[in-house]
Amino acid sequence: MPDTAIPCVLTIAGSDSGGGAGIQADLKTFTALRVFGMAAITSVTAQNTVGVTGVHDLPPEFVAEQIDDVARDIGVDAAKTGMLSSAAIVEAVADSVARNSITRLVVDPVMVAKSGDPLLQESARQAMRKRILPLAWLVTPNVPEAEVLAGVRITGPQQVEQAARNIHRLGARYVLLKGGHMEGENAVDYLYDGQTIQTFSAPRIATRNTHGTGCTYSAAIAAYLARGCAIGEAVQRAKAYLTGAIQHSFPLGAGHGPLNHFWRTDA
């Protein structure tokens, strides 16, 4: 890997024409957190704050070519995946990640958009379990995604450990189960390392401008991992950054507005 003064982080995800999520949110996050952002685009979506009206998947071999070219020339200190859409894209990404020895891989198992539109085909879910999760340094499901991956119903903290344990068995080194869908004054996330659970809590913020929260969170974790943070510190700092971005979010469009990724920039 070339010797660079700035950590290099790759996002492997879909493009959001509305600018609030996907590749666009990831690159804004990377810039705010002072890492060099690179992108391998998996799909192009036509969407806005209200919903997704179209999805065009790129050829799987071209997705892999983007990853290979970046890794071969620039190097990848950490990477994250977002929208992978199809089983063929999942397979291509897994092969390229393994081929290029990308170890600090944060997997955001994107299944649906904030609007409720599906972003992961049914056939791709099994491929994600078998091919991507065994390569993951960290996987960051929200509650609905964790229920699909773990095969258990999550109604509160008492089910979190079982779900995290089931997902951990699929191969990820760490599991961060995000508790934003659960009730309570605080949004509590649970980091499981295979033995113990560490919690990260932040006050809930009353806003509908939450488009791109999952993308931003996973991108921030990847950025801090690339900067040399241990997993717990990376999650803690990323959650603080995300919370501020939600607090400083602004209304655009008629649906879920975007976060403010530049509410602060790390020196």
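Throughout, residue positions are numbered sequentially from 1 according to the sequence presented. What you see below is based on every heavy atom in this structure, not just the backbone, and it leaves out hydrogens, waters and symmetry mates.
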Where do Y224 and L33 land on the side-chain contact (heavy atoms from CB on, under 4.5 Å) test, with the steps shown first? CA-CA 8 Å; Y224 283 121; L33 300 184; 3.4 Å; yes
My understanding is that a hydrophobic cluster links ILVMFWY residues whose side chain heavy atoms are under 4.5 Å apart, including indirect links. Using that, what else belongs to the cluster containing L242? V106, W137, L138, Y174, L176, L191, F200, I205, Y217, I221, L225, I231, V235, I246, L259
Quick one: which of D57, V55, V63 gives a side-chain contact (heavy atoms from CB on, under 4.5 Å) with S86? D57
Of all heavy-atom pairs between A172 and H168, which one has the smallest distance, and what is that distance? O-CD2, 3.3 Å
Taking only Lys NZ, Arg NE, NH1 and NH2, and the carboxylate oxygens of Asp or Glu, determine whether R204 and E185 approach each other closer than 4.0 Å. no
Of all heavy-atom pairs between V76 and A78, which one has the smallest distance, and what is that distance? CG1-O, 3.1 Å
Under a 4.5 Å cut-off applied to non-hydrogen side-chain atoms, are T140 and P109 in contact? yes
Heavy-atom closest pair (A222 atom, V9 atom, distance to 0.1 Å) is CB-CG1, 4.0 Å
Are there over 12 heavy-atom neighbours, none belonging to F62, within less than 6.0 Å of that residue's CZ? no
Would you sort out whether R264 and D266 count as a side-chain contact (heavy atoms from CB on, under 4.5 Å), showing the intermediate values? CA-CA 7 Å; R264 98 163 186 237; D266 285 8; 2.8 Å; yes
Please name the pair of heavy atoms, one in A226 and one in P7, separated by the smallest distance, quoted to 0.1 Å. O-CB, 3.6 Å
Report the relative orientation of the aromatic rings in H248 and W263; use parallel for angles under 30°, tilted for 30 to 60°, perpendicular for over 60°. parallel
Find out whether K80 and C215 are in side-chain contact, i.e. whether some heavy atom of one side chain is under 4.5 Å from a heavy atom of the other. yes
Taking all non-hydrogen atoms of both residues, which atom of G14 and which atom of T42 are closest, and how far apart? N-OG1, 3.4 Å
Are V152 and V188 connected into the same hydrophobic cluster when the rule is that any two of I, L, V, M, F, W, Y join if their side-chain heavy atoms are below 4.5 Å apart? yes
Can you find a heavy atom in the side chain of R131 that is under 4.5 Å from one in the side chain of D95? yes
Are H211 and T49 close enough that some pair of their side-chain heavy atoms sits under 4.5 Å apart? no
Sorted by chain and number, sequence neighbours left out, salt bridge (charged side-chain N to carboxylate O under 4.0 Å, His left out) with R208 holds for none
When you compare the side chain of P60 with that of E91, does any pair of heavy atoms fall below 4.5 Å? no
Could you tell me whether the side chain of R173 reaches within less than 4.5 Å of the side chain of T103, counting heavy atoms only? no
Given V160 and Y192, is the side-chain contact (heavy atoms from CB on, under 4.5 Å) satisfied, shown in steps? CA-CA 10 Å; V160 165; Y192 181 66; over 6 Å; no
S96 side chain to A92 backbone, donor-acceptor under 3.5 Å: no
Atom pair CG/CG of L133 and L170 - distance to nearest 0.5 Å: 5.5 Å
Using only atom types and a distance under 3.5 Å, with no angle test, would you say the side chain of T53 pairs donor to acceptor with the backbone of Q47? no
Can you name the closest pair of heavy atoms from C229 and R237 and give their distance? SG-NH1, 3.7 Å
Identify whether V175 and V143 are in the same connected component of the hydrophobic contact network (ILVMFWY, side-chain heavy atoms under 4.5 Å). yes
Pair F36-D77, side-chain contact (heavy atoms from CB on, under 4.5 Å): steps then yes or no: CA-CA 10 Å; F36 182 72; D77 294 304; over 6 Å; no
Quick one: ring pair (Phe, Tyr, Trp, His ring centres under 6.0 Å) partners of H56, sequence neighbours excluded? none
Testing the 3.5 Å rule here: is there a donor-acceptor pair between the side chains of T216 and H261? yes
Please confirm whether the backbone N or O of N142 pairs with a side-chain atom of E145, one donor and one acceptor, at under 3.5 Å? yes
Does M128 reach the side chain of L84, with side-chain heavy atoms less than 4.5 Å apart? yes
